[in-house]
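As the structure is a computational prediction, the values presented were derived from the model and not from experiment. First the proteins, then the strands, lettered A, B, ... as listed; each starts at 1.
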Amino acid sequence: MNLFDIAQKLGIPIDSEHIEASKAMDVKGLNTLQDAISSEISFLENNKYLSQLENTRAGAVFVTTHYKEHLPSSCIPLVCDTPYLQLAYCSKFFALPLIQKDGQEAKVSNSATIMSNVNIGLDSSIGENTTIMSSTFIGDNVTIGDNCIIYPNVTIYRDTIIGDNVTIHAGTVIGSDGFGFATNSNGEHIKIYQNGNVKIGSNVEIGANCTIDRAAFASTIIEDMVRIDNLVHIAHNCKIGYGSVLVTQVGLSGSTTLGEYVVMAGQSATTGHLSIAPHTTISGRGVVSKSITEPKKQWAGFPLMEHRSWLRMQGKIQKLCFPKDS
Amino acid sequence: MNLFDIAQKLGIPIDSEHIEASKAMDVKGLNTLQDAISSEISFLENNKYLSQLENTRAGAVFVTTHYKEHLPSSCIPLVCDTPYLQLAYCSKFFALPLIQKDGQEAKVSNSATIMSNVNIGLDSSIGENTTIMSSTFIGDNVTIGDNCIIYPNVTIYRDTIIGDNVTIHAGTVIGSDGFGFATNSNGEHIKIYQNGNVKIGSNVEIGANCTIDRAAFASTIIEDMVRIDNLVHIAHNCKIGYGSVLVTQVGLSGSTTLGEYVVMAGQSATTGHLSIAPHTTISGRGVVSKSITEPKKQWAGFPLMEHRSWLRMQGKIQKLCFPKDS
Amino acid sequence: MNLFDIAQKLGIPIDSEHIEASKAMDVKGLNTLQDAISSEISFLENNKYLSQLENTRAGAVFVTTHYKEHLPSSCIPLVCDTPYLQLAYCSKFFALPLIQKDGQEAKVSNSATIMSNVNIGLDSSIGENTTIMSSTFIGDNVTIGDNCIIYPNVTIYRDTIIGDNVTIHAGTVIGSDGFGFATNSNGEHIKIYQNGNVKIGSNVEIGANCTIDRAAFASTIIEDMVRIDNLVHIAHNCKIGYGSVLVTQVGLSGSTTLGEYVVMAGQSATTGHLSIAPHTTISGRGVVSKSITEPKKQWAGFPLMEHRSWLRMQGKIQKLCFPKDS
């Protein structure tokens, strides 16, 4: 679909100077300002990303008239009042087929074990010595490497890529839609179609009944050697660094980036769009609401503070409240 | 089953003046004081519902001797020491069959897609263009509307009603038993059979590995346009208002009513038997323990307070505890 | 496998005085210092368990040279720098087969109902009047008693033992691997194979999408009459006492022992390796980080304190922070 047609469908006028270029631009999808390439459309909703706008390689950007002048000259402006909402409407044009009708039958290695009642989609492949247990669903265009164990009742959505020596326990869902919506003037939540995927490295173990959402654009990434306990939620576009450990009931909001060897203890959480430095430990129930840049520290509480400060603070609160007990 | 027989089975004597009426009352089920009709039995356990007792349309009520005089004249008293416990014993008489033996084969529209290893129960129906993916279970007497997507490994218990354009992600459970028990004098927890159902409106999206429990009586209700993230728990008899948003790992206790456009951020919770005014926002980790009557405010913390007060309080606690840092 | 061969594989030298005994010791598995018997190997990593070392009946123990002298004379020392890490490497030798190749076909009682797409493993048995619903997976060597209801899409891993009158709601996972790892000098997390099982008593009800992990050694135990809500996590080697109640989204860390009739309210948690006295109530969101020895009290908060103290403290904090409002 070319950009001109997309803009017409959305009712967004294109400046006469860009009409020819917009007809020539074959749009492949949507992406962030930082990651978009010349065949992709991006958007600017929040002016804290203005410097990314100025440097984007996107072919076109949904932008309010106010920021139009900040676009690089190679980038076609799609001027509108509600860039994020237009992105939502536009995402539907690139929605992936729920179930592929065409494609090659799955390639299952001879040494793989496929138990009963397993569905494996088109264009998918299952590596050497991998076991897929009963009632597990493998969608279309999924790649699973060698020596993996996928326990029963797991659901792996389309386009997921999984390395070697990966274990996924029962009931876990990989690649479900990220929770992305734009709100229109009536307060309605318009779905942003989640057209990315999930990539899981090698030597990863994921517990039971976890959920790892596919990316809105590009990939949600679980790097090698990660360990994930049960009932953990990883939202769209998260990146979990090498060797990190997520303990039970952790909840990571969208676009959380963990460096290598980060430990998130039980029931801890992040508020999204932030990064955590390598070798950081978040204590149980800690809530990370802004980026942590200094590595190798331990943090706790909500609001978050250094673990030792949190311990001191709890002692002081007790003394302030119950002075006679002290 | 008539009321006289039920009372006999439970060992509850009926006053001579009510014996004839009790034999004539064909009991259809149990319900709350507020919602019960003349063919239903209700109960009074907590005297804060005394005004509801005085106005109930229930045909009979489990009640202690103390409150017997408060019943409307049309209502037969079932006088006992432990009304809630008797309700629990009585609920078993109305338990639904786990699997129906009789009924009509499911009506599946020609345009629906049913993947492999799907069970669809008796008396159920699947609408136009709806897709049911592999290993999903649809129980008896379930209605699913048009243009729905039910992802793999979903379980939809009997009697669930789902509107049009509803998406339910993998692993989610709709209609499991609410967590209802009455405790007897030995400390044993006696099950209250959950004889209600779940009703989901149209244009709803529900994430992966959520749990939405069926009602004890009547219905757990998810209204139109609701958006639910992954790993969210909705207990029995909740009502989620139009356009509300529940973010990951939210936990709603029984009989929580959300007005329209309520937002519950990640890991927030309610303690049950309360209502939240329209357009309320509960911040991440907030715990709602009593009703919120004023609309359009944002709340946070546990105990809950206005979000801006919570922010100020956290700043003040830091200053009180670490005065030198200030 | 005899102890001598195991030590050789791990590169651990055995003192000449113990070589003969190590060749004679047919090792059956691994266990804690407290529970190990003469055919089992144990380990000492933390000197708080030193008295257990001195009294262990284990046939051999991974131990640093410093504590070697504390072993009972009947116990063979496996001297190494990193006992817990050696335990992890050793656990792989006793890993259970993922899927049995040999064994007897499952014994399913004539009165049991097995719905469609159910897998039942070898050496398993299903009792009288038990119903196994669609797409549920029952692994090898599983015993399920009489009058049980196992709802759809449940996964029951190998070796699980379930009593009579047990109900397990949809999507729940029983017997997944505990989250056990030892970290080597490169920071890599080496899996401790979870060679124990889960034992569930009688008259137990477990909600939807819960996870109950198998034990590292011996058993994770759910005693009779326990009630578990949805999305609850129970880690390896927990023991849940008779009549206890776990409300939604509770997370119990490894080796938590609950006495009888303990109530853990919604979203509460434990940090593991601790015990809670009978008839204790933990309020919603409470975090138990050390053992509770006095029965029949109610606790709240994090850090945990008596519920009434927590209430008073919250009031005092408000007064300290907002003196004018008081």
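Contact tally against chain C (heavy-atom pairs below 4.5 Å) for Gln314(A), His169(A), Met133(A): the top residue is His169(A). Counting heavy-atom pairs closer than 4.5 Å to chain A, the top residue among Gly139(C), Cys210(C), Gly187(C) is Gly187(C). Chain A forms more heavy-atom pairs under 4.5 Å with one residue of Ser289(C), Ser309(C), Gly175(C) than with any other, namely Ser309(C). Contact count versus chain C (heavy atoms, under 4.5 Å) is highest, among Ile317(A), Asn230(A), Ile228(A), Val247(A), for Asn230(A). Put simply, of His233(C), Arg285(C), Lys316(C), the one with the most heavy-atom pairs under 4.5 Å next to chain A is His233(C). Between chain A and the residues Ile99(C), Thr136(C), Val173(C), the most heavy-atom pairs under 4.5 angstrom are made by Val173(C). Comparing Gly315(C), Pro303(C), Ala269(C) by heavy-atom pairs within less than 4.5 Å of chain A, the highest count is held by Pro303(C).
A donor atom on one side chain and an acceptor atom on the other are not found under 3.5 Å apart for His236(C) and Thr220(C). Asp164(A) and Asn147(A) are not linked by any side-chain donor-acceptor pair at a separation below 3.5 angstrom, with hydrogens and angles left out of the test.
A cation-pi arrangement, defined by a distance under 6.0 Å to the six-membered ring centre and an angle within 45 degrees of its axis, is present between Lys191(C) and Tyr193(C).
With a 4.5 angstrom heavy-atom cutoff, Thr113(A) touches chain C only via side-chain atoms. Proximity to chain C (any heavy atom under 4.5 Å) is shown, for Asp229(A), by both the backbone and the side chain. With a 4.5 Å cut-off on non-hydrogen atoms, Phe302(C) touches chain A through its backbone and its side chain both. Neither the backbone nor the side chain of Glu260(A) comes within contact range of chain C; no heavy atoms are under 4.5 Å apart.
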I'd like to know whether Gln100(C) forms a side chain to side chain donor-acceptor pair (under 3.5 Å) with Asp123(C), so could you lay out the CA-CA distance, the side-chain angles of the two residues, the decisive distance to 0.1 Å, and finally the verdict.
CA-CA 9 Å; Gln100(C) 280 185 203; Asp123(C) 293 332; 3.0 Å; yes
Begin from the C-alpha positions of Ser109(A) and Ser111(A) and carry the test side chain to side chain donor-acceptor pair (under 3.5 Å) through to its verdict.
CA-CA 5 Å; Ser109(A) 89; Ser111(A) 58; 3.3 Å; yes
Step by step, work out the side-chain contact (heavy atoms from CB on, under 4.5 Å) result for Thr160(C) and Asn197(C).
CA-CA 6 Å; Thr160(C) 300; Asn197(C) 71 345; 5.6 Å; no
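Listed by chain and number, the residues in a side-chain contact (heavy atoms from CB on, under 4.5 Å) with Ser268(C) are Val250(C), Met264(C), Ile282(C) (sequence neighbours excluded).
Closest heavy-atom contact between Glu205(A) and Asp177(C): OE2-OD2, 3.8 Å.
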